[in-house]
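Inspection log for the structure reproduced underneath, given as structure tokens.
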2 protein chains.
Amino acid sequence: MKSLILVAHGSRRGASNDEVRLLTRGLAEKAGDSFDQVSCAFLELAEPSIPDGIEQAVQAGADEVVVLPYFLSAGRHVAEDIPALVGGKQREHPRVRIRIAEYLGSEPAVTDVLLDIARSTTA
Amino acid sequence: MKSLILVAHGSRRGASNDEVRLLTRGLAEKAGDSFDQVSCAFLELAEPSIPDGIEQAVQAGADEVVVLPYFLSAGRHVAEDIPALVGGKQREHPRVRIRIAEYLGSEPAVTDVLLDIARSTTA
């Protein structure tokens, strides 16, 4: 069973966390056969935490987990904090394959999305 | 003359700001006829500032400026800080049309980009 966990920073502003939850529902609807379960987790300031999110996925039966950092730059959070938290859960569940995907900002297609937004603004 | 300014938060980490500058070069290469000039600006912690970025575009001849927030959520920065800074420059240059585009995280296509990243991770 494959699980996708979108990991966001988390905000003191509840509406920002809700935006992530809404996006997660959209991902779940579009995931098709790619993932059996899609959820979100937060590095800080919102629930569930990354370890709790992974734990929930494993308890729900996931034997393959993809953690996708919803971040724009490869700062300390992406380079160190998320890998450390994921690594801890990997050691707890050695038989579950937990992988960290590239962060959003690293994806070249973001350029096209930005240009689409920009062009629709001048139209 | 049309100018696109990608506005990022800015980071104490120089490499994160450089990621934005690299992305901006990619946007410039792909912009085609849509924009005559593409640049970036930062809300804080990096240069140029948003007012300076707009001023540079206007001095370079822009009579139409699109400010695109490179942000994932509609927090205070997107809802208040950027509009306030842009509004100030709009008052200084009433004959230049300055518009704020939707922020990246509001774009539904982000869902597809995330799914592509997730799928390529399990492949």
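All chains are named by letter (A, B, ...) in the order of the sequence lines, taking the proteins before the strands, and each is independently numbered beginning at 1.
With contacts defined as side-chain heavy-atom distances shorter than 4.5 Å, the pair Glu19(B)/Leu23(B) does not qualify. Within the 4.5 Å cutoff, side-chain heavy atoms of Cys40(B) are placed close to those of Arg21(B). Using a 4.5 Å cut-off on side-chain heavy atoms (C-beta onward), Leu6(B) and Leu114(A) make contact. Between His93(A) and Glu55(A) the shortest side-chain heavy-atom distance falls below 4.5 Å.
The side chain to side chain contact (heavy atoms under 4.5 Å, CB included) test with Val113(B) singles out one residue from Thr111(B), Asp116(B), Ile117(B), and that residue is Ile117(B).
Using a 4.5 Å cut-off between heavy atoms, Ala31(A) touches chain B through backbone and side chain atoms alike. Contacts between Glu64(A) and chain B at a heavy-atom distance below 4.5 Å involve the side chain alone, from C-beta outward. Heavy atoms of Leu4(B) lying under 4.5 Å from chain A belong exclusively to its side chain. Residue Glu102(B) touches chain A through both its backbone and its side chain, counting heavy-atom pairs closer than 4.5 Å.
Scanning for side chain to side chain donor-acceptor pair (under 3.5 Å) contacts around Asp63(A) gives an empty result, with sequence neighbours left out.
Taking hydrophobic clusters as Ile, Leu, Val, Met, Phe, Trp and Tyr residues chained together by side-chain heavy-atom distances below 4.5 Å, Tyr103(A) does not share a cluster with Phe35(A).
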If you look only at distance, which donor and acceptor atoms sit under 3.5 Å apart when one is on a side chain in residues 43-50 of chain B and the other is two or more places apart or in another chain?
{"from": "Glu44(B)", "atom 1": "OE2", "to": "His9(B)", "atom 2": "NE2", "distance (Å)": "3.4"}
{"from": "Ser49(B)", "atom 1": "OG", "to": "Asp52(B)", "atom 2": "N", "distance (Å)": "3.1"}
{"from": "Ser49(B)", "atom 1": "OG", "to": "Asp52(B)", "atom 2": "OD2", "distance (Å)": "3.4"}

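Residues of residues 65-74 of chain B that come closer than 4.5 Å to chain A, counting heavy atoms only, are Val66(B), Leu68(B), Tyr70(B), Phe71(B), Leu72(B), Ser73(B), Ala74(B), ordered by residue number.
Per-residue counts of heavy-atom pairs under 4.5 Å with chain B were compared for Gly75(A), Ala109(A), Gly32(A); the largest is that of Gly75(A). Of the listed residues (Ala101(B), Gly105(B), Pro108(B), Ser106(B)), the one with the most heavy-atom contacts under 4.5 Å to chain A is Ala101(B).
Other members of the cluster containing Leu22(A) do not exist, because no ILVMFWY side chain is joined to it at under 4.5 Å.
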